[in-house]
Amino acid sequence: MYTNIASLLAKLDSMTLYIEDNKPDCILLTETWLSSDISDSLIGLNEYTLYRTDRTSRGGGACILLKQALFNQFSVICNSKRYGNTELVSVDCSHNSQNFSLVCVYRPPGSPLVDDELLYDEIKRLCHLRSNLIILGDFNFPNISWQNVQSQTNDDSTAQFIDMLHETNLTQLVAAPTRFRVGQEPSLLDLVLTTDLNLLGEIRHCAPIGISDHCVIETTLQYHSSSLQKHHFRKHSKINFEGLNSDLTNTDWTSLYSTSCCTEAWNIFRNVLCDLVSKHTTTYKVKCNRTKPWITQTFIKRAKIKNKLWNKYRMSGAQEDYDLHRNFSNMLKSDLRLAKSRFENNVVKSGPKAVYKFMRNKILSKVSVPIICSNNLFAKNEQESANFLADFFGSVFTSEPKGNLPACPAPRAEASLPNIDFTDEIVLKELDNLPDKSSPGPDGITSHVLRRCSSNLARPLSHIMERSFQTSKLPPVWLQAHITPVYKKGDKTMAENYRPISLTSTCCKVMERIIWRHLLRFLYDHDIITLNQHGFLPKRSTVTCLLQCLNEWTLSLEKNIPVDIIYLDFAKAFDRVPHRRLIHKLENSGIRGLLLQWIKAFLCGRNFKVKVGSAFSNKKDVLSGVPQGSVLGPVLFLVYISDLLTSLNSHHSFYADDGRIYGNSFSSSRIIQQDLHTMYTWTHVWLMPLNLQKCFVLRLGKNNPNIAYTLNNYVLESVQQINDLGVILDKELPFSEHTVHIVKKANVRSYLLQKTFTNPDEVLLKTLFVSYIRPIVEYASVIWSPALVKDKQLIEKVQRRFSKYGQSLRNKSYEDRLSTLKLPTLEKRRLFNDLVCTYNILSNKFSFSLADIFVLSDISRLRGHSLKLYHENYKTKWRQNFLTNRVFQIWNGLAVEIVEATTTASFKNKLGIYLYQSS
């Protein structure tokens, strides 16, 4: 717990009462008002050890009290600092190779800037040295808007404090006021800062101690402690694919082709393949350092030689022995640095999974699945934790009633798609397109083996798939899934704070991919999936969804027409799709014959197990939903809700289950309300409930009448801003909130990478920025590209700061750093993305037309290319900063050979030369 207590001695009795009632493990207090004349014994809190820093004059002070039972598990080191009237006390708690740090800070109001700068430098130092840092204290910054982390005044100290937060990995968690004084507006003065959100549970505001005007802040430190050996043996496996392919070529698959049973054929195939893979696999162990893998046994032996050389010099005192030791030491240091650099480069080359794993191992708190709690009972082992999670994941399934099915809203399709061919050539093409690295499903067959042996495995797999399709039966292992629970946020012991990630058979996914291609083409050709659905479809994305919406919204606002947007959220949509109703809709849409029977077999009889550590849960049946981790699951869901979209009369746009309906606040409000009623009726009939608490109204326009909308008599909440597919929108559409959000996210990622890769060369530095930081600040930039100078500078500061990270670049100017790294400014990158999007729209590169967003010039005498844009006479800031008006001038000035490029890749190459090398 933490609070500003304003005299510990005066409130000691109240403090003791609080401790007896709540029994906190860690207590952090500010404004203790203790002095050197007051000994620890006068405070006398039993079972606690006190660490404190006092002010030399009256007032101030900070202290931390730790329960003595903690010392049985952790070793504790205390540090205290004072900067003028600002006090800081910290404790570092360590256990084996893991640690966390608690810091208590009191910064008085009106603190001099020189003291504040020293405090901020100390916090930066702690952030650099401590992986798991938690800072609690009274910082007295009432003028910071924590919703967007911006200062409401021009105070230098506040601005530097915010800059310090951006430069470190610290996140502020307190959202509500913490001080309540009679006659004054409640203010947020007490802060909780942490470098890792996974460390803390929910922030709770409790009643003050005694008559203090600061409330008590409580939270749970979620710390997973486990013994970690410094060295371990890493298992490596190497497959001789030349020998494996040779044996597969000579394999007689006669027994596989002679059986008519799909499952029997699969078992023969799997046994033969697994036996041959095992035969040609060499497994060996390598001893490595778990925390610093580049330090091998060779380096350890050389370190011993270095020690011997030093001892020899100490005995002789000879200059030649000293030179020998120094030269050997310098060489060892150089080789260590080189080995570390090679290791880091190899990690980056291995892909995102390896990078994030390396980052987690280096700096983040250990977020493994701990003991799960269910009904106030803690699991006794990993097996019980897995069962608790499996019970929760299974509790969201829909129990579909028996009896007659409801009539489909859409008319029955005359066309049908009954059959699909699985030829050797088609299967071979899909095998060659498999990713080289992906986790295997329950059958244990990896995509790496299937891809490297595709020419020999295509024919037997084609036979199994054809047999499965003709008999409408799947091998049992194809219907199984192994689920890995992934922690989201909140209490780590609660099952609802985990989301399931499913692993299914890769061979089944290959068959699904073939069916998916035919199914998608059929749905497109017969307009079963509407143009208003953007989710999980080729050449459609979150950007096309938002671009279509924003164009219509800004056009309305340009005409001074207010817009109401209703955001809809289905509750566990993909898990709740009822199977009988889904099959009914598929048949109505034209999916019939053997294909419908196979999909029915694919959906029914599925089961899953949850894996925690090395333990698996009991098998659980899947009662509803489209299969997670499958290829067909998303498109089946789109078919299920397709008739809902065709029944809506107002403007609407969906990305899978994320929907928004919108229209004129005056003339369309009645239609919107009717559509809400239609939607609620549909969700009731088709067993897909809405999460009403997550359905909101966003109102745009200055003269918006603020009409109330209801869903089944539930009045939808009106919000000032909302996160729409990763872009934060508010009623003014300036995107400043979004800019602050992504900059903070990018700074956190920068901080983690800087702590993980301590001394990258220029190539590695550029790779890290381009691969892991720039995508954050460029996601959907054609939607939100900033118009305000301060927002542009804030975004550019991300690249400006990260480019300084390279040791050889530190003293160069920003322009020289970009020239060395061969990187453009982020502002030019946004312009590049705008022009690429414009090219794709005007060249019809999307799966549906967005060309009506642009108006082409009808003046034939214009020089240059044939796709000149018409200049729009905008009146409002909303339309001024929309894509069409941002790109107008530079697009019309592009050379003919750039605009008339035949492919997007060719356009990007030519545009890059024009934009980046011409300046």
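Looking only at side-chain heavy atoms (C-beta outward), L50 and C63 come within less than 4.5 Å of each other. In this structure, Y322 and L324 have side chains that are not in contact, with every pair of non-hydrogen atoms separated by 4.5 Å or more. By the 4.5 Å heavy-atom criterion applied to side chains, L66 and V91 are counted as neighbours. Between I445 and T506, every side-chain heavy-atom pair lies at or beyond the 4.5 Å cut-off. Side-chain contact between N99 and C93: absent, with no pair of heavy atoms (C-beta onward) separated by less than 4.5 Å. Between C127 and I123, the closest side-chain pair of non-hydrogen atoms falls below 4.5 Å. Residues V798 and I776 have side chains not in contact (no heavy-atom distance under 4.5 Å, counting atoms from C-beta outward). The side-chain heavy atoms of L88 and L119, taken from C-beta on, include a pair separated by under 4.5 Å.
For the pair R451 (side chain) and P435 (backbone), a donor-acceptor distance under 3.5 Å is absent. In terms of modelled atom types and a separation under 3.5 Å, the side chain of S350 and the main chain of N346 share a donor-acceptor contact. Side chain of E796 to backbone of T825: no donor-acceptor contact under 3.5 angstrom is found. Under the 3.5 Å distance criterion, the side-chain polar atoms of R817 are matched with a main-chain donor or acceptor of R800. Side-chain atoms of S316 come within 3.5 Å of backbone atoms of K312 as a donor-acceptor pair (strictly under, hydrogens ignored). With S341 contributing its side chain and L338 its backbone, the two residues share no donor-acceptor pair below 3.5 Å. Judged by distance alone, the side chain of N747 and the main-chain N or O of H166 form a donor-acceptor pair under 3.5 Å. Distance alone, capped at 3.5 Å, is enough to place a donor-acceptor pair between the R55 side chain and the N85 backbone. Using a distance-only test at 3.5 Å, with no hydrogens or angles considered, no donor-acceptor pair links the side chain of E762 to the main chain of T820. The closest donor-acceptor contact from the side chain of Q172 to the backbone of L191 lies at 3.5 Å or more, if one exists at all.
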Original post:
Can you check ring-ring contact (aromatic ring centres under 6.0 Å, His included) on Y106 and F139, steps first, answer last?
Top reply: CA-CA 6 Å; Y106 177 68; F139 285 84; 9.5 Å; no
Subject >> Stepwise ring-ring contact (aromatic ring centres under 6.0 Å, His included) check, H280 with F241 >> reply: CA-CA 8 Å; H280 292 282; F241 282 103; 9.6 Å; no
**OP:** Go through the steps to decide whether S438 and S447 satisfy the test side chain to side chain donor-acceptor pair (under 3.5 Å), and finish with yes or no.
**Re:** CA-CA 6 Å; S438 64; S447 60; 2.8 Å; yes
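Among residues at least two apart or in separate chains, salt bridge (charged side-chain N to carboxylate O under 4.0 Å, His left out) pairs with a member in residues 114-132 are K81-E122, D92-R130, R107-D116, E122-R125, K124-E167.
Each of I135, T171, L133, T168 was scored for a side-chain contact (heavy atoms from CB on, under 4.5 Å) with L193, with one residue passing: I135.
Aromatic rings of Y751 and H128 (six-membered ring for Trp) have centroids beyond the 6.0 Å cut-off, not under it.
The pair K279-D247 meets the salt-bridge criterion, with a side-chain N (NZ, NE, NH1 or NH2) lying under 4.0 Å from an Asp/Glu carboxylate O. With salt bridges taken as basic N to acidic carboxylate O contacts below 4.0 Å, one links R52 and D40. A salt bridge does not link E778 with R830: every distance from a Lys NZ or Arg NE/NH1/NH2 to an Asp or Glu carboxylate oxygen is 4.0 Å or more.
Shown here is K67, whose NZ atom has more than 12 heavy atoms of other residues, nucleotides or ligands within 6.0 Å. Summarising the local packing, NZ of K908 is surrounded by 12 or fewer heavy atoms from other residues, nucleotides or ligands at distances under 6.0 Å. In K792, the NZ atom is crowded: over 12 heavy atoms of neighbouring residues, nucleotides or ligands sit closer than 6.0 Å. At most 12 non-hydrogen atoms from other residues, nucleotides or ligands lie less than 6.0 angstrom from CD1 of I77. Atom CD of E242 is surrounded by 12 or fewer heavy atoms from other residues, nucleotides or ligands within 6.0 Å.
Rounding to the nearest 0.5 angstrom, the gap separating the OG atom in S111 from the CG atom in L118 is 9.5 Å. Going from atom CZ of R829 over to atom CG of L826 covers 8.5 Å, rounded to the nearest 0.5 Å. Remark: L200 CG to T220 OG1 distance equals 8.5 Å, nearest 0.5 Å. Interatomic distance, OG of S101 versus CG of N132, reported as 8.0 Å (0.5 Å rounding). Rounded to the nearest 0.5 angstrom, R749 CZ and R774 CZ are separated by 14.5 Å. Here the straight-line distance linking atom CG of L450 with atom CG of D436 works out to 11.5 Å at 0.5 Å rounding.
Legend: residues meeting salt bridge (charged side-chain N to carboxylate O under 4.0 Å, His left out) with D335, ordered by chain and number and at least two apart, are R302.
S385 approaches I372 most closely through the heavy-atom pair OG-N, 3.1 Å. The nearest pair of heavy atoms linking V610 to A386 is O-CB, 3.5 Å. What you find for G912 and F832 is that their closest heavy atoms are N-CE1, 3.9 Å. Considering every non-hydrogen atom in both I64 and V89, the closest pair reads CD1-O, 3.6 Å. Across all non-hydrogen atoms, the minimal contact from G137 to T30 is CA-CG2, 4.2 Å. Closest of all the heavy-atom pairs between K306 and L332 is CD-CD2, 4.2 Å.
Under the 3.5 Å distance criterion, with hydrogens and angles disregarded, a donor-acceptor pair is assigned to the side chains of S94 and S75. If you check the side chains of Y2 and T219, you find no donor sitting under 3.5 Å from an acceptor. For the residue pair Q319/D323, the side-chain donor-acceptor check at 3.5 Å is satisfied. Between the side chains of S237 and T281, no donor-acceptor pair is found at a separation under 3.5 Å. For D816 and S813, the side-chain atoms include at least one donor-acceptor pair closer than 3.5 Å.
A tilted orientation is assigned to the rings of W310 and H325, their planes being inclined by 30° to 60°.
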Result block: side-chain N/O donor-acceptor pairs under 3.5 angstrom for residues 763-773, not counting sequence neighbours:
residue, atom, partner, partner atom, Å
K766, NZ, L821, O, 3.3
K766, NZ, K822, O, 3.4
T767, OG1, V763, O, 2.8
S771, OG, T767, O, 2.9

